[in-house]
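Index from 1, following the sequence. Just so it is clear, the structure is predicted and the values come from calculations on it, not from any experiment.
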Amino acid sequence: MSRIGNKAITIPEGVEITISSSNEVTVKGPKGTLTRQFNPLMVIEVKDGQLTVARPNEEKHIKQLHGTTRALIANMIEGCHQEFVRELEIVGIGFKAAIAGNKLTMNIGYSHPVEMIVEEGLKVECPSATTIKVTGIDKQRVGEFAANVRAKRKPEPYKGKGIRYKGENIRRKEGKTAAKK
């Protein structure tokens, strides 16, 4: 079932991994440090610059856990080596965003500006008034923050106005047409 779990992870140069006896994995790299506790049934080993995750038996939930564990560790290593980036675009007349300190302020068609506080460990930039760039070492936190920003004004299907991920394709609908007699 888990082909991903069987793949070995190559550890890049500059990344250091420590595994405690209680399966707590700490990844330290040039961008930062991440620590996560994993299920004690999984066998996590580092040999010759390769990290492997093994499972004790072939039960279905153990196989699922095997692939998930390997994927989470791979994301930790990638994040500590090079940060994750999520870019958003704002589409709409008068829609814009600005960052001041740790506050993201967006004017997105409401009667008031929408403010979001940027959490510790994430970096948010606004290279232009209509783009937002979220970066960080934890893939889950970067994706969650970007999803929360997008949820403030999802793209609507008629004109495409709203906040979307860069490169996201919005399915458009045809508007009303006048009745012909």
Side-chain angles (χ1 to χ4, degrees), residues 4 7-20 23-39 44 46 49-51 53 67-156 159-170:
I4 289 175
K7 288 184 181 177
I9 304 167
T10 305
I11 301 169
E13 241 178 82
V15 175
E16 190 179 305
I17 298 174
T18 53
I19 304 164
S20 71
N23 260 9
E24 185 176 79
V25 177
T26 303
V27 179
K28 189 175 183 183
K31 299 291 182 183
T33 305
L34 289 173
T35 303
R36 190 172 187 130
Q37 183 77 34
F38 291 101
N39 192 308
I44 305 167
V46 177
Q50 299 263 326
L51 185 136
V53 180
T68 303
T69 302
R70 189 256 178 217
L72 289 172
I73 293 173
N75 287 338
M76 288 169 64
I77 292 169
E78 187 181 339
C80 289
H81 183 62
Q82 58 188 35
E83 294 179 317
F84 290 101
V85 178
R86 206 71 163 120
E87 290 187 53
L88 298 137
E89 297 172 334
I90 302 174
V91 178
I93 296 171
F95 288 15
K96 61 184 177 178
I99 188 91
N102 71 335
K103 255 189 195 170
L104 174 66
T105 307
M106 299 176 287
N107 293 328
I108 48 178
Y110 296 118
S111 62
H112 58 282
V114 177
E115 293 183 344
M116 291 184 73
I117 295 174
V118 180
E119 34 183 277
E120 191 94 15
L122 293 179
K123 191 168 84 175
V124 177
E125 300 170 335
C126 290
S128 72
T130 58
T131 58
I132 301 169
K133 189 175 178 182
V134 183
T135 58
I137 61 172
D138 191 345
K139 187 175 187 177
Q140 181 181 350
R141 289 178 63 203
V142 169
E144 186 177 4
F145 187 81
N148 288 339
V149 169
R150 183 181 182 275
K152 296 296 179 190
R153 176 69 90 171
K154 288 184 182 171
E156 54 100 9
K159 292 185 180 178
K161 292 177 12 176
I163 302 172
R164 64 178 78 174
Y165 296 117
K166 189 173 187 177
E168 180 182 6
N169 186 21
I170 305 301

### Task
Find the distance between NZ (K159) and CD1 (I170) and round it off to the nearest 0.5 Å.
16.0 Å
### Reported CZ-to-CD1 distance for the pair F84 and I137, which is rounded to 0.5 angstrom
9.5 Å
What closest approach, in Å, do [X] and [Y] show between heavy atoms, and which atom pair accounts for it?
X	Y	result
I132	V124	CG2-CG1, 3.8 Å
F145	I117	CE1-O, 3.8 Å
I11	V15	CG2-O, 3.6 Å

For residues 85-113, which side-chain donor-acceptor pairs fall under 3.5 Å, sequence neighbours excluded?
unit_1, atom_1, unit_2, atom_2, d
Y110, OH, K152, O, 2.7

### Message
Run the side-chain contact (heavy atoms from CB on, under 4.5 Å) test on V142 and L122 for me, step by step, so that the C-alpha distance in whole Å, both residues' side-chain angles and the decisive distance to 0.1 Å come before the verdict.
### Response
CA-CA 7 Å; V142 169; L122 293 179; 3.6 Å; yes
For [X], enumerate each residue passing the side-chain hydrogen bond (donor to acceptor under 3.5 Å, both in side chains) test, keeping only those at least two apart in sequence or located in another chain.
X	result
R141	E119
R150	E168
T10	Q50
T130	none

Show the atom names and distances, to 0.1 Å, of all donor-acceptor pairs under 3.5 Å that link a side chain in residues 70-83 to residues at least two apart or in another chain.
unit_1, atom_1, unit_2, atom_2, d
R70, NE, I4, O, 3.3
R70, NE, K7, O, 3.3
N75, ND2, A71, O, 3.4

### Task
For side-chain contact (heavy atoms from CB on, under 4.5 Å), just list the numbers for V25 and R36, CA-CA rounded to whole Å, side-chain angles, deciding distance to a tenth of an Å, and then say yes or no.
CA-CA 6 Å; V25 177; R36 190 172 187 130; 5.7 Å; no
### Matching residue for I44 among I17, N39, I19 - test: side-chain contact (heavy atoms from CB on, under 4.5 Å)
I19
